[in-house]
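As structure tokens, the structure follows; a few thoughts come after it.
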Amino acid sequence: GGFARFGGVGSVMGILGIAPGWRCTGWGVIALDGGRLQHIANGAIQPKPTLDDAARLQIIFDGLCEVINLHQPDQAAIEQIFVARSAGSALRLGMARGVGILACGVNRLGVGEISARAVKKAVAGTGTADKKQVQDMVTRLLAVTAQNADAADALAIAIAASNEAGTAASVGVELGQGQVGKGQTTGGLSAAIAAALARDDASNGGKT
């Protein structure tokens, strides 16, 4: 299985998004095919709360390795750590995140880091969007309801990463420079979002 490797025009790129969490690690795989976003799979890894730290981390690691082996993505993206509620929760989140990065490394899968703000901006158009706005846009863009909130976050991370992959590869865009030209990014996320929303509007009889 897997994707045709990203290389020429019209190639498909598979991207794995990881939303690390101690109680639940979300994952989502999408394909970027020219100007189209396609949902491949999503899910969540939820170790039993009674397990010790080592067993819990092993389950997260094994689960992500299984996803990578099954879907063979071309690249991965993981959310950067934001401010946690306490030093203890920050440490545990960091461990879950480290295991996510390790799973990619062991499988020779390049992994980029992306901030929550960048994810919100890419998917919902503003870095101050709330979780529900982001999840609603993920549902619209991919025409799929994620398994849970963590899986939806992971799909959003993959979508945001596809913006960097698609625009940088197809039009050589300098990332972080705001709008490109007249706001057009050929083959990038803008085109994919426009197409997805137009499709969504058409299927709803034009209702927003």
Side-chain angles (χ1 to χ4, degrees), residues 1-19 26-43 64 67-80 100 103-104 107-125 129 134-147 151-181 183-201 203:
F3 299 94
R5 285 290 173 251
F6 192 64
V9 175
S11 54
V12 180
M13 182 173 221
I15 301 167
L16 166 66
I18 303 169
W27 61 270
V29 182
I30 65 166
L32 181 66
D33 182 0
R36 290 182 306 127
L37 287 171
Q38 184 188 352
H39 171 259
I40 303 299
N42 73 84
L64 288 173
V67 168
I68 293 165
N69 288 323
L70 183 62
H71 297 292
Q72 299 283 311
D74 296 283
Q75 71 175 52
I78 194 164
E79 193 170 25
Q80 283 175 351
C104 294
N107 288 284
R108 291 178 166 66
L109 177 64
V111 58
E113 300 185 3
I114 191 159
S115 71
R117 188 176 177 83
V119 172
K120 291 173 181 178
K121 189 159 177 21
V123 176
V134 172
Q135 288 164 11
D136 287 349
M137 278 300 290
V138 166
T139 302
R140 289 188 73 184
L141 292 175
L142 298 176
V144 68
T145 303
Q147 182 175 319
D153 287 347
L155 287 170
I157 291 162
I159 291 168
S162 79
N163 185 34
E164 306 210 351
T167 53
S170 61
V171 288
V173 175
E174 275 299 314
L175 298 171
Q177 299 300 313
Q179 293 297 319
V180 181
Q184 300 301 311
T185 54
T186 52
L189 184 63
S190 303
I193 287 180
L197 295 183
R199 179 194 67 216
D200 191 54
D201 288 341
S203 67

Residues Ala161 and Ile15: closest non-hydrogen pair is CB-CG2, 3.9 Å
Sorted by chain and number, sequence neighbours left out, side-chain contact (heavy atoms from CB on, under 4.5 Å) with Ala143 holds for Arg199
The side-chain contact (heavy atoms from CB on, under 4.5 Å) partners of Gln135 (sequence neighbours excluded) come to Lys131, Ala149, Ala152, Asp153
Closest non-hydrogen contact found for His39 with Leu155 is CD2-CD2, 3.9 Å
Separation between OG (Ser162) and CG (Asp33), nearest 0.5 Å, reads 12.0 Å
Taken in chain and number order and not counting sequence neighbours, the residues that satisfy side-chain hydrogen bond (donor to acceptor under 3.5 Å, both in side chains) with Asn69 are none
inquiry  = Any side-chain to backbone donor/acceptor pair from Asn42 onto Gln147? Under 3.5 Å, distance only.
reply    = yes
* Quick one: are His71 and Val67 in side-chain contact, heavy atoms under 4.5 Å? -> yes
(request) Go through Ile159 and Leu142 one step at a time and tell me if the side chain to side chain contact (heavy atoms under 4.5 Å, CB included) criterion holds. (result) CA-CA 9 Å; Ile159 291 168; Leu142 298 176; 3.9 Å; yes
In short, Gly100 meets Leu64 closest at the heavy-atom pair CA-CD1, 3.6 Å
Output for pair (Ile68 CD1, Leu109 CG), nearest 0.5 Å, gives 5.0 Å
Of all heavy-atom pairs linking Leu32 and Leu37, the shortest is CD1-CD2, 3.9 Å
All heavy atoms of Leu16 vs all of Ala158, minimum pair found to be C-CB, 4.3 Å
Those residues at least two apart in sequence (or on a different chain) that pass side-chain contact (heavy atoms from CB on, under 4.5 Å) with Ser115 are Gln80, Arg117, Ala118
Using side chain to side chain contact (heavy atoms under 4.5 Å, CB included), reason through Cys104 and Ile18 one step at a time and then give a plain yes or no. CA-CA 10 Å; Cys104 294; Ile18 303 169; 3.8 Å; yes
dist Met13:CE -> Ile30:CD1 (nearest 0.5 Å) comes out at 10.0 Å
Applying side-chain contact (heavy atoms from CB on, under 4.5 Å) to Ala156 and not counting sequence neighbours gives Val119, Val123, Val134, Val138
- request: State, yes or no, whether a side-chain contact exists between Ile157 and Ile114 at a heavy-atom distance under 4.5 Å.
  value: yes
Looking only at heavy atoms, the pair that brings Glu79 and Ala116 closest together is OE2-CB, 3.1 Å
